[in-house]
There are 2 protein chains.
Amino acid sequence: MHAEQPVRSGRAKRLPRAVRERQIMDAAVDVFSRLGFHAASMDEISEVAGISKPMLYAYLGSKEELFATCIRREATRMMEAIATGVEAEEPPDVQLWSGLRAFFGFVGENRASWQVLHRQASSQGGPFAEELADMRGRAIGLVAALLVHSSDFSNVPRAGDKEAESLAAALVGAGESLADWWLDNPQEPAGVVAARLMNLVWMGFGDLVAGDVWHPPSRRAERSPED
Amino acid sequence: MHAEQPVRSGRAKRLPRAVRERQIMDAAVDVFSRLGFHAASMDEISEVAGISKPMLYAYLGSKEELFATCIRREATRMMEAIATGVEAEEPPDVQLWSGLRAFFGFVGENRASWQVLHRQASSQGGPFAEELADMRGRAIGLVAALLVHSSDFSNVPRAGDKEAESLAAALVGAGESLADWWLDNPQEPAGVVAARLMNLVWMGFGDLVAGDVWHPPSRRAERSPED
DNA sequence: TGGTAAGACTACTGGTGAGTAGGTAAGGCG
DNA sequence: CGCCTTACCTACTCACCAGTAGTCTTACCA
């Protein structure tokens, strides 16, 4: 988690524009995540960023533009974090496992980002939710493709795209909510939470109750299952 | 979905307090679900309800009280709808199935309620989220108890409470998100969506890919799987 | 048929927060 | 060293909205 620098008292030191913009964005994500879009005030964001309000407007435009920029930046960071963790050549279950680990890893280290993306963005109407729905749609699409691809390994008639999509939506949603739950119960490491979801969606309660569990292939031991 | 009566132009007809309160609550749920807590204005709520602002304050108190009352009412309605659908004597998988059907049935017929509960309430901080977290916690607790109980049927060492709870959180979350997805893709009936989630969480992708599916016991045919 | 209390309204206040006008310091470059 | 550009500030305007004061009106009962 970023350590926002303390509230300044005098005049801020001169800094190049790019640096200030990053500071402002960090502050904005922080404030938006804590208060939500409407309750967050530009005054507070500027204060946390350590500059004055007109700088905000000079650099990042209106409040709405600022919020949209936050969403885009954080969404991109997250998708990249996940994409980096997944190898397209692996078998489906391993890909899923890698994706889950990367996802929970990101959330664990960027709680504010996650709050902004998951709660604030989706609960505001208009272009924000749309922006977010786009990214969410891409994530669901990826998972759905994974599912359809999984079916190719078996001799079962290929599931309909709609069906795969809704299953993917359920899975993505399970991940989102488990991440939320995890924020309130942060005792456990990311790897354990990810493994639990992996077991749920891959094995199902039916198998789990019967004592069957999924476990990652033991090769590739450089990535330990604990964080 | 309620058909909110159109915007009045003259003076409203005299009505007994209880009736007016219901109208106001319906209007409030409608407006809060569309705009969120902050963006919703008491003026708009009063307009949709077909009365003037002072009536709002006379009957339901402040904006915060009104919102909290909405949450409580809708949460209670939903929990009751689910509880009514589940028989405690049934085997675990059937209980889960009934619960899912009842849940998706409720969401399908009360979209505004669901928006208020799932999005708006949780994204506002303070006592609202707490209220909501309570209900959510009860739901998770119920599912967790179901899971622990399931294990008793098997010879597996009983899963830890924490583990059951996180699995339940994932399941509840999967339901929430699938419901959200469904709102955007409302072609399919509630029963089909519920069945799909049931299959996912009970069988798991592993079994589904292999062609194994869960299906409800064929007795009790008076409840058809379609809505 | 008139009295009255609950139901309803118009028209205001006060506070808050988005966005801006106009002015001040600080680094760079001749 | 003086000039200009870029970073930065204080102090405002204006709109919107929660909440209220004071007044009118209608259904019901005696």
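Throughout, protein chains are lettered first and strands after them, A, B, ... in sequence-line order, and every chain is numbered starting at 1.
A residue-by-residue look at B:Pro16 and A:Asp43 shows that B:Pro16 has its nearest nucleotide of DNA chain C further toward the 5' end. Remark on DNA chain C: of its neighbouring residues B:Leu15 and A:His38, the 5'-side contact belongs to B:Leu15, judged by nearest-heavy-atom nucleotide. Judged by closest nucleotide on DNA chain D, A:Tyr59 is the one of A:Pro54 and A:Tyr59 placed further toward the 5' end.
D:dC17 atom P lies 10 Å from atom NZ of B:Lys53, rounded to whole Å. The separation between A:Leu35 atom CG and C:dG17 atom P is 10 Å, rounded to whole Å. The interatomic distance linking B:Met42 (CE) with D:dT20 (P) rounds to 10 Å, in whole Å. Straight-line distance from the CD atom of B:Glu44 to the C1' atom of D:dC17: 12 Å, rounded to whole Å. For A:Ile51 and D:dC8, the CD1 to P distance is 7 Å, given to the nearest whole Å. Computed from coordinates, the A:Leu60 CG to C:dA18 C1' distance equals 15 Å when rounded to whole Å.
Both cation-pi conditions hold for A:Arg111 and A:Trp182: the charged atom is under 6.0 angstrom from the six-membered ring centre and inside a 45 degree cone around its axis.
In the model, A:Glu74 has a side-chain atom that pairs as donor or acceptor with a side-chain atom of A:Ser113 under 3.5 Å.
Listed nucleotides D:dA7, C:dG19, D:dT20 differ in distance to B:Tyr57; the shortest reach to its side chain belongs to D:dT20. Listed candidates were C:dG7, D:dG19, D:dC8. Nearest to the side chain of B:Met55 is C:dG7. In this structure, of C:dT10, D:dC9, D:dA18, it is D:dC9 that holds the atom nearest to the side chain of A:Ser52.
Checked against side-chain hydrogen bond (donor to acceptor under 3.5 Å, both in side chains), A:Glu44 has the following partners two or more places apart in sequence or in another chain: A:Arg34. Taking the side-chain hydrogen bond (donor to acceptor under 3.5 Å, both in side chains) definition, one finds that A:Gln120 meets it with nothing, sequence neighbours left out.
A ring-centre distance under 6.0 Å is found for A:Trp114 and A:Phe103.
Between B:Phe37 and B:Phe67, the ring-plane angle classifies as tilted under the 30° and 60° cut-offs.
Distances shown here put every side-chain N or O of B:Arg20 at or beyond 4.0 Å from the OP1 or OP2 atom of C:dA6.
Among the heavy atoms of the strands lying under 4.0 Å from A:Ala40 are primed sugar atoms or P, OP1, OP2 only; no base atom is included.
Listed by residue number, A:Ser62, A:Lys63 are the residues of residues 61-70 of chain A with a heavy-atom contact under 4.0 Å to DNA chain C.
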(Q) Evaluate A:Gln115 against A:Val29 for side-chain contact (heavy atoms from CB on, under 4.5 Å), listing each step before the verdict. (A) CA-CA 9 Å; A:Gln115 283 274 341; A:Val29 168; over 6 Å; no

